[in-house]
There are 2 protein chains.
Amino acid sequence: MINSYQGQTQILVAVDCIIFGFHNDELKLLLVKRDFEPEKGKWSLVGGFLQPNETSDDAANRVLLQLTGLDDVYMRQVNTFTDPNRDPVERTISIAYYALINLEDHNEELRKKNSAHWVALADVPELIFDHAEMVKMAIKEIQYKTSIQPVGFELLPPKFTMRQLQKLYEAIYQEDIDKRNFTKKINKLDILVKLEEKDMSSSRKGSFLFEFDKEKYEAKVQNGFSFKL
Amino acid sequence: MINSYQGQTQILVAVDCIIFGFHNDELKLLLVKRDFEPEKGKWSLVGGFLQPNETSDDAANRVLLQLTGLDDVYMRQVNTFTDPNRDPVERTISIAYYALINLEDHNEELRKKNSAHWVALADVPELIFDHAEMVKMAIKEIQYKTSIQPVGFELLPPKFTMRQLQKLYEAIYQEDIDKRNFTKKINKLDILVKLEEKDMSSSRKGSFLFEFDKEKYEAKVQNGFSFKL
DNA sequence: TCAAAAGTGTTCACCGTACACCCATGG
DNA sequence: CCATGGGTGTACGGTGAACACTTTTGA
């Protein structure tokens, strides 16, 4: 295997972010209308080029920060897309990342300034290049990840109701869940704190708020516990 | 999000292959002793640079073909590694792939010519750059993949015994499995064909050979069946 | 008093797991 | 005849899935 460093082709490397949020019992994506060529005016994931001294994780975080004002967000690599013709202008490979954010936290001004919009998964328009495939893979990935790690909470506010949590999982798995079985399962995990407080916005009766107890979860993991939904 | 294509940094893009084989009830990796700088003489995964007109899948297949003589091999992306300092010579990002091959099939001459060796997982020496991390991620990935898809068979010859299959899963999951429970589970899946033929090499009594019935498996998948081990 | 969402238990089928003995054969 | 690995069944506890009614309260 002769890998000469001389004469090897250098290539543009980009990151693209699939940014998930949750609102009104729906999973949403943060999409931008491109304000530059090619495909100006078309819908696209938000992305950027990898800079000389940053990792792709850095780049993805930078891009996300610029668009949402959010730092310290749950982000993971999905896949790298390398079709020589995926970008018509110049050969570019793209490392796709997904991010899970609490939609309420993002900076509206920045979002508007970048002509970005929250779009429900069901309403995602045609996307440029291979971005639709990126989204598809990201969804599969979060379905898996949320089933084995308590990362779904990243999409919710710190205090949430059992029903919100259920709707979130229904949106992620794209299937209905029986609420009695769901509550039972969550309770058995024993990683939530039930607050005194109620959320009165969703019903007359009101519904109790919960918090994810990260310390408790991590302590349990130390003792061999593994999250499974 | 201003992504000018002008003035963006171009970067070397490599692929590295984590090649798994199975022999003597052990998972093995195909590693090479580098015959070029940097780190000449050190152990390394086999890799190569992405060429102008190929996808990274192409590149990984090319690299694997050159080393093993094998084509049409099960390969999947693991992750892309982008630390600016991961390669001391020049900035290079690497897209890691894992491959599952039937160790018996590979071309010994090519292997020797490239100073490649099969090394049991437990005996993997120190590897250059971030290759150890690549291996770690690849193992996690095959643990997951082999639990939800019948890809373990890629590591076995077309005809194999129930015991071989069990030892394979034990090697992948790195834990012992009860043979009665294992047999029961596999039989329930109903995707193997039991042959008349026996393998007489492992015991006096001999043990029956099986084949994976790919058509049957795919037909079942069409009907909603999902593999789970 | 009614509409709307919250909250809560039981049953049953199936699955995972633990566990031990006989079989066939070559030497 | 014996040593070696091959092959097989059962019992039990736990889990997942189906399923319906009562509670609260604001309007």
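Note: hydrogens, waters and symmetry copies are ignored here, and every other heavy atom, side chains too, is used. A, B, ... follow the sequence lines: proteins, then strands. Residue 1 opens every chain. Worth saying up front: this structure is predicted, and the values here are computed from it rather than measured.
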Examine the side chains of Lys220(B) and Asn223(B) and answer whether a donor and an acceptor come within less than 3.5 Å of each other.
no

Answer yes if the side chains of Gln166(B) and Glu170(B) hold a donor-acceptor pair under 3.5 Å, and no otherwise.
yes

Are the aromatic ring centres of Trp43(B) and His117(B) under 6.0 angstrom apart?
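Ring-ring flag for Trp43(B)/His117(B): true, centres closer than 6.0 Å.
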
Answer yes if the ring centres of Phe81(A) and Phe129(A) are under 6.0 angstrom apart, and no otherwise.
no

Please report the distance, rounded to the nearest Å, between [atom1] in [X] and [atom2] in [N].
{"X": "Leu229(A)", "N": "dG16(D)", "atom1": "CG", "atom2": "C1'", "answer": "13 Å"}
{"X": "Ile186(B)", "N": "dG7(D)", "atom1": "CD1", "atom2": "P", "answer": "14 Å"}
{"X": "Leu192(A)", "N": "dG7(C)", "atom1": "CG", "atom2": "P", "answer": "13 Å"}
{"X": "Ile177(B)", "N": "dG6(D)", "atom1": "CD1", "atom2": "P", "answer": "15 Å"}
{"X": "Phe182(A)", "N": "dT15(D)", "atom1": "CZ", "atom2": "C1'", "answer": "17 Å"}
{"X": "Asp176(B)", "N": "dG16(C)", "atom1": "CG", "atom2": "P", "answer": "19 Å"}
{"X": "Gln164(B)", "N": "dG6(D)", "atom1": "CD", "atom2": "C1'", "answer": "13 Å"}

N/O contacts under 3.5 Å, protein versus nucleotides 8-14 of chain D?
| unit_1 | atom_1 | unit_2 | atom_2 | d |
| --- | --- | --- | --- | --- |
| dT10(D) | O4 | Lys184(B) | NZ | 2.8 |

Cationic N near anionic O, under 4.0 Å, Glu141(B) to Arg76(B)
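Between Arg76(B) and Glu141(B) there is no salt bridge, as every charged N stays at least 4.0 Å from the carboxylate O atoms.
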
Ring-face cation of Lys198(B) near Phe208(B) (centre distance under 6.0 Å, axis angle within 45°)
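Flagged: Lys198(B) positioned over aromatic ring of Phe208(B).
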
Which residues, if any, of residues 196-212 of chain B bring a heavy atom under 4.0 Å of DNA chain D?
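Residues of residues 196-212 of chain B under 4.0 Å from DNA chain D: Ser202(B), Ser203(B), Arg204(B), Lys205(B), Gly206(B), Ser207(B), Phe208(B).
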
Heavy atoms only: give me the nearest Ala99(A)-Leu64(A) pair and the separation to one decimal.
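Heavy-atom minimum between the residues: CB-CD1, 4.1 Å.
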
Exactly one of Asp83(A), Asp16(A), Asn79(A) clears side-chain hydrogen bond (donor to acceptor under 3.5 Å, both in side chains) with Ser94(A), and that residue is Asp16(A)

